[in-house]
Structure formats: structure tokens, C-alpha cells
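What you see below is based on every heavy atom in this structure, not just the backbone, and it leaves out hydrogens, waters and symmetry mates. All values derive from a computational prediction rather than experimental measurement.
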Amino acid sequence: MQELHLLWWAVLLGLAQACPEPCDCGEKYGFQIADCAYRDLEAVPPGFPANVTTLSLSANRLPGLPEGAFREVPLLQSLWLAHNEIRTVAAGALASLSHLKSLDLSHNLISDFAWSDLHNLSALQLLKMDSNELTFIPRDAFRSLRALRSLQLNHNRLHTLAEGTFAPLTALSHLQINDNPFDCTCGIVWLKTWALATAVSIPEQDNIACTSPHVLKGTPLSRLPPLPCSAPSVQLSYQPSQDGAELRPGFVLALHCDVDGQPAPQLHWHIQIPSGIVEITSPNVGTDGRALPSTPAASSQPRFQAFANGSLLIPDFGKLEEGTYSCLATNELGSAESSVDVALATPGEGGEDTLGRRFHGKAVEGKGCYTVDNEVQPSGPEDNVVIIYLSRAGNPEAAVAEGVPGQLPPGLFLLGQSLLLHLFL
């Protein structure tokens, strides 16, 4: 109720306010209109009546829209800003216009737009953003625009659109996305499928065409041939093996992330150790283990060495490197992740006998794991915690502890200090 009173006072005060000098203000067809078009303006002028419902600032020289640009006109329903020189729309420039139904930002130079402001414009029915320099639209940009009927994004620099971008637009009847330089890769296939199935009117479909790759240049999206596409999959593996070598303290830990997907996924390692979190975009080293020129590193040989083939090498593994090692694969169709917890166990530590008893107990039940050529093989999918350690006699043994509910395999590795692991090169 208090907000209604304040709004009413704002309307009464607005009636008494003068119109900005460069503009013409008046009533037409029941709308309070402020016409500031063709005034050679370089900024939004102050002093509008608070009851203005239509504001035209088209064909001026506005370079941008700052935060709070339209705070004086909270009742605005139509805002026309076409044919300016707008490059940036700052966060908060449009957020206060909760009554806005029509917004025209076409024929500008917009490359930086506060998409989050659209989340407040739930009454919006017309959005014109064509003929700008937009290169990216967030997946959730239109999540609140359930009343939107017409959307114009043609003649921009959009290379792709995230799947589901238009899903929230349940009232949409007209969409223009022609004349954008689309990359016709796996990430755009969904748009072809959606455009062919939707009831939304999409004109100029022959001009919704591929710019790349070169072999598809000029091909309309509606005639895009089938592409070999698959979402990423990952499998995090290891290979404990003595391989006839003399066992020495300070072993090398090697993990291997086997990645599949089309297009080829980008591999990323997320490592959580006692000293903090380490993020690595693979690869960060060449085949010789030295840091790549493009990789920032404190030394020529990074502590965590990620190779292009999916292997991660940690020389002289110790207590400081205990933690959770996760590999994440991402391509245009999605992502997949696999993790393993790595801890260090030394011969003679308390709990070794208990682990051994648990292993033998599971062996009697036909569960657990067995070894083939020094590789630990789980005997059933329910066993997701693998423990490798050295016995007091110094011979590698394997045991399995019960899995933790909700935790993904392969689980927890306990590695003896003298164990040497192969690097998968």
C-alpha cells in the first residue's frame, strides 16, 4: 500500500514537472508521450515527468546507457532507442522498467549488454535488438520474458546460440535471427531441429546460414547435413605396476583421463589438496614434461603435469598432494566429470590389518577385487572404493572397502610410498 501511495505522488508530481528542454511532451491517445527523437542528444536528458509512458530517443547520438538512465520514468511502457551510437548498456540501465512492453534498441553498435536487466522486464512483448554487434547471448537471457511475442536478433555477429535459449518464450510468435555468421558445428544442430518443428514464424530462413566451416559456408541452417556429434564421456583410470623396476620412496603418481566426444572435448583438471584448489587446462606441458610457452608456471616443470593425451603426472607424490583429483571434459553438447580421492598410506599404519580383513571377507563373499598383471580389477560395480598399499613384507596387495553412498567410482586410492605408477603416454 505504501508503494502505491508513493507511485501516486510520483504521478501527481510528474504532472507538474516541465518537459526537458530539447523534448516535446504531451498526451496522445491516452498515453503520456515524451518525444526526444532527432535532437542530436549525446545523453539521456533529465527532468521527465514521472507519468511518461512512451519515450522516444531515436536518431540521436547516445553512446551508451548508464545505470539508472530511466529511473525518472518508472511507468514507461514503450522505449524507442533505435539509430543511436549505443555500444554499452550498463547493468541497471533498464532494470527499473517493470511496466515496459516495447523496447527498440535496433541499429546501434551494442556489443556489451546487461542481459540480467531483462529478468525484470516480465511485461515485455516486443524486443528489437537487430543490427547491432552482439556476439553472445546467455542461455538464460530470456528466462522471464513469458509475455514476449516478437524478438528480432537479425544482423548481429552471433556465431552460436545455446540450446534452450528460446524455451522460456512461451508466447513468442515472431523471431528473426537471419544474417548472423553462424558456426555450423555440433552446438548449432539443436537450432535447426527447433526451427523446423516450432510454430513460431521465422522469416528469411534461407538467410539463416552457415559462415563456417568453409565446406558449409552459405548452407542454410534448414538444409544442414547430419553431423557426427556426441556429448563428452570420461573414464578416470590408473595402472599400478612395478614393471620389474626397483621400488623407491617418493613414487610418481599418474592418472589418466580417457575422453571421448565429438567435437573433441576440452580437458580440465580440478585438484583439491590441503593447501587449496588447483585448476589446470590440459595440456600445460609438452611431451618432455616442460611447461608450454603459453602456460603460466612458476618453474619450467609444473608440480602437476597435464599432458595432451589425458595423463596427469605428479612426481614425488607426498602428503601435500593428497586430495580429490577430478577431470572434466567439455564440448558444445555438454560436459562429463570423473573424480578420485587419493591418499597416502605407509606400511605399518593402523588400520592396515582391518583393511586386509575386510578384503578377505569380501573375497569369501565373491566380491572385492583381484589383480591381473599388477592391475587392480574391481569384481563388481558396487565396489567403488579401491585401496592399494604395501604389506609389511613390501609386496603390493589390494583390498576393497565398502563404497560411500552417492560417491562415484573409482573411489578412494590409498597408495604405498614405494608404488610406481605408469604414465600413459
Side-chain angles (χ1 to χ4, degrees), residues 234-241 247-259 265-286 288-292 294-330 335-352 355 376 384-390 396 398-401 403-425:
V234 298
Q235 183 176 2
L236 191 57
S237 59
Y238 67 100
Q239 185 180 356
S241 174
L247 299 179
R248 302 173 183 273
F251 65 89
V252 175
L253 172 63
L255 301 175
H256 184 72
C257 190
D258 189 20
V259 178
Q266 172 66 59
L267 179 61
H268 184 87
W269 288 95
H270 176 91
I271 305 170
Q272 188 168 0
I273 54 177
S275 60
I277 294 176
V278 179
E279 303 282 356
I280 302 172
T281 299
S282 183
N284 69 348
V285 295
D288 59 357
R290 294 188 175 275
L292 296 175
S294 59
T295 304
S299 66
S300 60
Q301 289 187 314
R303 185 71 190 92
F304 302 93
Q305 301 172 12
F307 291 82
N309 68 344
S311 292
L312 181 71
L313 177 67
I314 305 101
D316 296 321
F317 184 85
K319 298 293 285 186
L320 294 178
E321 288 75 44
E322 288 184 332
T324 302
Y325 289 72
S326 304
C327 67
L328 174 67
T330 305
S335 62
E337 183 177 2
S338 184
S339 300
V340 60
D341 293 321
V342 182
L344 191 65
T346 57
E349 280 187 351
E352 179 184 345
L355 293 173
V376 176
N384 61 0
V385 179
V386 179
I387 301 168
I388 305 171
Y389 62 97
L390 290 182
V400 161
V404 179
Q407 184 173 341
L408 295 175
L412 176 68
F413 291 141
L414 291 178
L415 303 174
Q417 283 185 333
S418 301
L419 188 60
L420 179 64
L421 301 182
H422 272 327
L423 173 64
F424 297 84
L425 288 175

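- Partners of Thr324 under the side-chain hydrogen bond (donor to acceptor under 3.5 Å, both in side chains) rule, at least two apart in sequence or in another chain, are Asp341.
- By the side chain to side chain contact (heavy atoms under 4.5 Å, CB included) test, Ser282 is found to be paired with Leu267, Trp269, Ala306, residues two or more places apart in sequence or in another chain being considered.
- Side chain to side chain, Thr330 and Ser335 fail the donor-acceptor criterion of an N or O pair below 3.5 Å.
- Here the side chain of Arg303 pairs a donor or acceptor atom with the backbone of Pro315 at under 3.5 angstrom.
- A distance of 12.0 Å separates OG of Ser275 from CD of Glu322, quoted to the nearest 0.5 Å.
- Summarising the geometry, atom CD1 belonging to Ile280 is positioned 12.0 Å from atom SG belonging to Cys327; distances are rounded to the nearest 0.5 Å.
- Scanning both residues, Ala329 and Val259, for their nearest heavy atoms gives CB-CG1, 3.7 Å.
- Taking CG from Leu328 and NE2 from His270, the interatomic distance works out to 10.0 Å, rounded to the nearest 0.5 Å.
- Minimum interatomic distance between Tyr325 and Ile273 (heavy atoms only, all atoms of both residues): OH-CG2, 4.2 Å.
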What do the steps show when you test His268 against Thr281 for side chain to side chain contact (heavy atoms under 4.5 Å, CB included), and what is the final call? CA-CA 5 Å; His268 184 87; Thr281 299; 3.3 Å; yes
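- Under the side-chain contact (heavy atoms from CB on, under 4.5 Å) test applied with Ile271, the options Ile277, Ile314, Leu312 reduce to a single match, Leu312.
- Residue Ser338 comes nearest to Leu236 through the heavy atom pair OG-CB, 3.5 Å, listed as atom of the first residue, atom of the second, then distance.
- We find the CG-CG distance between Leu253 and Asp316 to be 11.5 Å, quoted to the nearest 0.5 Å.
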